[in-house]
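Computed over heavy atoms, backbone and side chain alike; hydrogens, waters and symmetry mates excluded. Chain A is the first sequence line, chain B the second, and so forth, proteins listed ahead of strands; every chain is numbered from 1. It should be emphasised that the depicted structure is a prediction, and the values quoted were computed from it without experimental measurement.
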Amino acid sequence: MVLTERVKVKALLESGQAGSLVVAMGWVRTRRGNKNVSFIALNDGSTINNIQVVADNANYPEELLKGITTGSCIGVKGLLVESPGSGQRVEIQAQELELFGTADPETYPLQKKGHSMEFLREIAHLRPRTNTFGAVLRIRHAMAFAIHKYFNDKGFTYLHTPIITASDAEGAGAMFRVTTLDVNNLPRTEEGKINWSEDFFGKEANLTVSGQLEGELGAMALSEIYTFGPTFRAENSNTPRHLAEFWMIEPEMAFYDIVANMDLAEDFLKYLIRYALENCKDDLEFLNKMYDNELLERLLFVVNNSFERLEYTKAVEILEKSGQKFEFPVFWGADLQSEHERYLVEKHFKKPVILTNYPKEIKAFYMKQNDDGKTVRAMDVLFPKIGEIIGGSQREEIYQKLINRINELGIPEKDVWWYLDTRKFGTAPHSGFGLGFERLLLFVTGMTNIRDVIPFPRTPNNCEF
RNA sequence: UCCUCAUUAGCUCAGUUGGUUAGAGCACCUGACUGUUAAUCAGGGGGUCCUAGGUUCAAGUCCUAGAUGAGGAGCCA
């Protein structure tokens with residue numbers, strides 16, 4: 001069988017050109033049949049749907065047929081014909097069968113029955129072969145592509161911010177250290193401290209927790225940029241919404257105020273969800289059927305309704321008047337807890353909410369200070385079930401205000417001198433936000449654990465595969 | 001990291017107030033069936049009851065510690 005003759009299953013199912021001789025290759029999902037005939041459900045990952053291969057057993061050696069079990073890999077050459085059976089429009093009447101790789105049914109872990117997500121996480125090297133992960137990974141790809149398309153079409157420049165950074169001022173959480181020093185024999189200074197000047201970069205280095213600060217440098221030249229890359233947080237977070245290694249999209253725009261920032265965030269999210277609805281129909285329908293009957297409805301609702309925009313102060317008032325009993329008290333100045341956010345999104349407004357103008361004490365140093373002296377122009381986009389999907393702000397562009405805040409917080413100027421330079425030379429009003437890619441995927445796929453929307457999740461105590 | 005719950009066959013789970021030889025469905029193997037759709041039907045094999053201690057005449061079941069997993073919380077995207 002000639003490999004280059006292969007046609008993808010998706011194309012075969014869509015072609016409807018019955019009568020032509022075709023070659024298909026893929027992994028066997030099930031084989032049924034009797035003494036005379038075998039029905040093989042074949043999948044190559046190009047679509048969630050399988051193509052049915054029909055083989056007359058008499059035409060093939062018993063050894064070959066015996067090897068065609070769930071999980072094995074085969075090639076088939078045959079006639080694409082209209083299927084007499086119900087359940088599929090076309091099927092392949094096999095003329096040649098080639099067994100590329102067997103999968104011993106006694107030891108192959110995947111069965112044709114459904115498996116728990118927990119079990120599949122333990123065999124993450126094989127789970128892409130399941131319907132669920134095939135669907136999730138195709139949707140993940142579609143969303144990554146749509147993100148680039150959206151920004152490209154809008155004239156944004158894709159900026160590659162560094163993954164290794166020596167700046168510890170991002171303040172977004174604990175970092176993973178990057179070093180080439182021998183950890184069993186660390187060089188010491190005369191005071192007995194570790195001598196980082198002997199390390200690879202001549203100073204302490206870590207994996208990035210955010211590309212934002214460098215993103216701002218790009219925006220101060222290219223006007224509109226975005227980053228899309230891996231991000232690392234060494235927090236000991238054990239939840240269905242956190243990963244130690246995740247992907248983040250961070251647009252940063254000169255000449256955008258907080259309102260333009262919100263407009264972009266809302267338009268962006270709606271574009272992505274609409275893109276999924278239009279381009280991942282089969283996969284979404286599968287997920288809707290198998291996991292979450294309200295998934296499609298929820299996606300359509302978000303696309304068709306405007307997000308609620310609300311100031312932090314108003315949110316606190318609503319929560320105080322709600323009569324709800326919360327575990328954590330609500331008062332002006334308190335950081336909103338999950339239960340508060342969930343009440344606003346899922347009970348009060350029943351739609352996505354954008355909260356703005358938070359107290360400056362609970363937000364990062366770089367956020368634009370309001371004239372009231374108390375709040376900053378932060379914005380959090382809150383989604384049902386997911387919580388915070390986007391965090392962003394207008395940035396403080398006035399040098400003196402920014403440096404005052406840095407000093408208040410005790411951030412060493414020498415670490416961020418290059419960041420401060422943007423405010424010194426040709427500063428501009430600007431804004432940006434960060435979208436957690438896997439959190440977006442949680443929402444779009446209806447999966448409930450973030451470890452199930454990334455191929456190989458990294459979490460505390462888990463770095464397998 | 002804290003709180004709660006769980007861990008029994010390859011997978012998903014049942015297992016009564018502690019009491020004989022630990023069960024089911026699916027998967028797997030064998031056989032039957034001329035077109036099946038998570039095929040069906042009959043039969044068969046398969047167990048470190050998470051680990052280590054302890055209580056007891058007797059522990060899958062009770063107690064202690066640990067490991068692993070899940071949910072909630074915190075941190076955040």
By the 4.0 Å heavy-atom rule, please label [X] as base, sugar-phosphate, or nothing.
X      : result
A:F119 : sugar-phosphate
A:I389 : sugar-phosphate
A:G387 : nothing
A:I390 : sugar-phosphate
A:S116 : sugar-phosphate
A:R31  : nothing

Send over the distance from [X] [atom1] to [N] [atom2], rounded to a whole Å.
X      : N     : atom1 : atom2 : answer
A:Q337 : B:C3  : CD    : P     : 18 Å
A:I68  : B:C28 : CD1   : P     : 15 Å
A:R121 : B:U68 : CZ    : C1'   : 13 Å
A:N238 : B:U68 : CG    : P     : 11 Å
A:M117 : B:U12 : CE    : P     : 11 Å
A:K385 : B:A77 : NZ    : C1'   : 19 Å
A:E327 : B:G74 : CD    : C1'   : 10 Å
A:F383 : B:C76 : CZ    : C1'   : 17 Å

Mind checking the [atom1] distance from [N] to [M]? Whole angstroms is fine.
N     : M     : atom1 : value
B:U16 : B:C50 : P     : 14 Å
B:G44 : B:G71 : C1'   : 40 Å
B:U4  : B:G66 : P     : 13 Å
B:A70 : B:U12 : P     : 13 Å
B:U20 : B:G10 : P     : 24 Å
B:C62 : B:U7  : P     : 10 Å
B:C76 : B:C13 : P     : 35 Å
B:G47 : B:G54 : C1'   : 25 Å

Could you tell me which nucleotide pairs with [N] by Watson-Crick or G-U wobble geometry, both distances under 3.5 Å, or answer none if nothing does?
N     : result
B:G46 : none
B:U1  : B:A73
B:U7  : B:A67
B:A24 : B:U12
B:A59 : none
B:C33 : none

Given RNA chain B, 5'-ward residue of the pair A:E339 and A:E122, judged by closest heavy atom
A:E122
Let me spell it out: for each of A:G114 and A:P240, pick the nucleotide of RNA chain B with the closest heavy atom. Which residue's pick is nearer the 5' end?
A:G114
Side chain of A:E118 only, please: which of B:C76, B:G69, B:G10 is the nearest?
B:G69
Nearest-nucleotide pick for A:L243, side chain only, options being B:A70, B:A77, B:U1:
B:A77
Using distance only, find each side-chain donor-acceptor pair of residues 348-356 of chain A under 3.5 Å and give its atom names and separation, not counting sequence neighbours.
unit_1, atom_1, unit_2, atom_2, d
A:K350, NZ, A:K347, O, 3.3
A:K351, NZ, A:S306, O, 3.0
A:T356, OG1, A:L310, O, 3.4

Tell me, with the steps shown, if A:E252 and A:R395 meet salt bridge (charged side-chain N to carboxylate O under 4.0 Å, His left out).
CA-CA 10 Å; A:E252 195 70 38; A:R395 318 304 190 191; 2.8 Å; yes
So, under a plain 3.5 Å distance rule, would you say the side chain of A:H115 forms a donor-acceptor pair with the base of B:C11?
no
Base of B:C75, side chain of A:S237 - is there a donor-acceptor contact under 3.5 Å?
yes
What class does the angle between the rings of [X] and [Y] fall in, given that below 30° is parallel, 30 to 60° is tilted and above 60° is perpendicular?
X      : Y      : answer
A:Y150 : A:F268 : tilted
A:F443 : A:F383 : perpendicular
A:W247 : A:F228 : perpendicular
A:W332 : A:Y312 : perpendicular
A:Y226 : A:Y158 : parallel
A:H125 : A:F465 : parallel

Please determine if a side-chain N or O atom of [X] lies less than 4.0 Å away from the OP1 or OP2 oxygen of [N].
X      : N     : value
A:N449 : B:G71 : yes
A:T70  : B:A27 : no
A:R451 : B:G71 : no

A:D282 and A:R138: CA distance, side-chain angles, deciding distance, salt bridge (charged side-chain N to carboxylate O under 4.0 Å, His left out) verdict:
CA-CA 11 Å; A:D282 289 351; A:R138 279 186 297 272; over 6 Å; no
Just one of A:R140, A:R458, A:R241 clears the salt bridge (charged side-chain N to carboxylate O under 4.0 Å, His left out) bar with A:E438, so which one?
A:R140
For nucleotides 29-36 of chain B, give me one character per nucleotide, 5' to 3': B if any protein heavy atom sits under 4.0 Å from the base, S if the only such contacts are to the sugar-phosphate, - if neither.
SS--BSBB
